Amino acid sequence: MALLPILCYPDPKLHKVAKPVAQVDARIKNLVTDMLETMYDAKGIGLAATQVDVHERLIVIDVSEERNVPLVLINPELTWTSAEKHINEEGCLSVPGIYDGVERFDAVHVTALDGSGKSRVIEADGMLAVCIQHEMDHLMGKVFVEYLSPLKRNRIKTKMLKAQREERA
């Protein structure tokens with residue numbers, strides 16, 4: 001088990017489109033373990049492999065109050081979305097300290113492999129549905145700030161670059 005470094009916006013690697021996981025083998029199982037450890041350590045509720053510079057279709061999520069119900073989605077595909085949408089306040093481990101409203105579907109159905117390689121259908125609403133959509137965006141190379149106005153996005157980019165420069169100094 002190891003903590004993985006999380007890429008920070010505007011790192012161009014966050015815009016890579018993830019490839020499907022070919023097989024759920026020991027390497028993927030170890031990656032799942034490391035990603036869960038990294039997500040819990042960072043106090044997040046979701047983490048996509050893209051955020052740790054692994055460009056494969058893998059997501060870990062835990063929206064439980066006790067932080068003890070991990071969900072692993074390998075090669076997730078949206079199969080249904082509700083007609084209803086709402087704007088929800090979102091944050092991201094790759095954009096620390098930034099929160100803003102993003103419109104998402106209220107409910108989704110997703111097919112994916114779990115951590116042992118078994119096919120699953122997840123019917124999600126509320127926070128879990130938002131989190132799944134947010135993390136699936138990462139797999140497509142999209143960060144939540146891209147839903148915001150160009151002005152807001154540029155302000156966030158400037159703030160993040162300044163914070164990264166100060167961290168290195």
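In this text the structure is predicted, and so the values were computed from the model without any measurement. Atoms considered below: every heavy atom in the structure, side chains included; atoms not considered: hydrogens, waters and symmetry mates.
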Taken in chain and number order and not counting sequence neighbours, the residues that satisfy side-chain contact (heavy atoms from CB on, under 4.5 Å) with D106 are S82, E84, H86
Test ring pair (Phe, Tyr, Trp, His ring centres under 6.0 Å) applied to H109 - qualifying residues, sequence neighbours left out = W80
Under the side-chain hydrogen bond (donor to acceptor under 3.5 Å, both in side chains) rule, what pairs show up with a residue in residues 62-74, not counting sequence neighbours?
-> Y40-D62, D62-S64
Listed partners of R27 passing salt bridge (charged side-chain N to carboxylate O under 4.0 Å, His left out), at least two apart | E56
By side-chain contact (heavy atoms from CB on, under 4.5 Å), which residues pair with N30, not counting sequence neighbours?
-> none
Contacts of E89 that satisfy side-chain contact (heavy atoms from CB on, under 4.5 Å) - sequence neighbours left out = Y99
Under 3.5 Å: donor-acceptor pair, side chain of Q133, backbone of A129 = yes
Transitively linked via ILVMFWY side-chain contacts under 4.5 Å: L7 with F144?
-> yes
Where is the tightest heavy-atom contact between P20 and N75, given as atom of each residue plus distance?
-> CA-OD1, 3.2 Å
Quick one: salt bridge (charged side-chain N to carboxylate O under 4.0 Å, His left out) partners of K157, sequence neighbours excluded?
-> none
Side chain proximity check, I98 to V95, heavy atoms < 4.5 angstrom = yes
With sequence neighbours left out, the residues meeting ring pair (Phe, Tyr, Trp, His ring centres under 6.0 Å) with H138 are H134
D137 meets the salt bridge (charged side-chain N to carboxylate O under 4.0 Å, His left out) criterion, sequence neighbours left out, with R104
Looking only at non-hydrogen atoms, find the nearest pair between A42 and I6 and report the distance.
-> CB-CD1, 4.1 Å
Would you give me the side-chain donor-acceptor pairs under 3.5 Å for residues 110-124, sequence neighbours excluded?
{"from": "D114", "atom 1": "OD1", "to": "S116", "atom 2": "N", "distance (Å)": "2.9"}
{"from": "D114", "atom 1": "OD1", "to": "S116", "atom 2": "OG", "distance (Å)": "2.9"}
{"from": "D114", "atom 1": "OD1", "to": "G117", "atom 2": "N", "distance (Å)": "3.1"}
{"from": "D114", "atom 1": "OD1", "to": "K118", "atom 2": "N", "distance (Å)": "2.9"}
{"from": "D114", "atom 1": "OD2", "to": "R120", "atom 2": "NE", "distance (Å)": "3.1"}
{"from": "D114", "atom 1": "OD2", "to": "R120", "atom 2": "NH2", "distance (Å)": "2.9"}

Return the minimal non-hydrogen interatomic distance between G101 and L148, and the atom names on each side.
-> O-CD2, 3.7 Å
Do M39 and I74 sit in the same hydrophobic cluster, where Ile, Leu, Val, Met, Phe, Trp and Tyr count as joined when their side-chain heavy atoms come under 4.5 Å apart?
-> yes
Would you check if the side chain of T38 reaches a backbone N or O of L4 as a donor-acceptor pair within less than 3.5 Å?
-> yes
Test item: V145 and D100 side chains (from C-beta on) under 4.5 Å apart, heavy atoms | no
Stepwise side-chain contact (heavy atoms from CB on, under 4.5 Å) check, L71 with V60 = CA-CA 6 Å; L71 176 64; V60 296; over 6 Å; no
Between Q51 and A48, is there a donor-acceptor pair closer than 3.5 Å when you use the side chain of the first and the backbone of the second?
-> yes
Do the non-hydrogen side-chain atoms of P10 and Q164 ever get within less than 4.5 Å of each other?
-> yes
Kindly confirm or rule out a cation-pi arrangement of K159 over Y9, judged by NZ or CZ under 6.0 Å from the six-membered ring centre and within 45° of its axis?
-> no
In one Ile/Leu/Val/Met/Phe/Trp/Tyr side-chain cluster, 4.5 Å: I59, L93 | no
Close side-chain approach of L36 to T33, heavy-atom, < 4.5 Å = no
Between L3 and D34, is any pair of side-chain heavy atoms under 4.5 Å apart?
-> no
Listed by chain and number, what are the side-chain contact (heavy atoms from CB on, under 4.5 Å) partners of H55, not counting sequence neighbours?
-> K13, K16, T50, D53
Are any of the side-chain heavy atoms of V24 and K29 separated by less than 4.5 Å?
-> yes
Should M136 and M127 be regarded as members of a common hydrophobic cluster, given that ILVMFWY residues are connected when their side-chain heavy atoms come within less than 4.5 Å of each other, either directly or indirectly?
-> yes
Expected output: side-chain E146 to main-chain V143 donor-acceptor under 3.5 Å = yes
Which atom of C8 lies closest to which atom of P96, heavy atoms considered | SG-CD, 4.2 Å
Could you check if a side-chain atom of L128 sits within less than 4.5 angstrom of a side-chain atom of I61, using non-hydrogen atoms only?
-> yes
Does R57 have any salt bridge (charged side-chain N to carboxylate O under 4.0 Å, His left out) partners at least two apart in sequence or in another chain, and if so, which?
-> E77
Give a yes or no on whether I28 and L139 share a hydrophobic cluster (residues Ile, Leu, Val, Met, Phe, Trp, Tyr; joining criterion: side-chain heavy atoms under 4.5 Å apart).
-> no
Only one of V52, L73, V72 clears side-chain contact (heavy atoms from CB on, under 4.5 Å) with L58; which?
-> V72
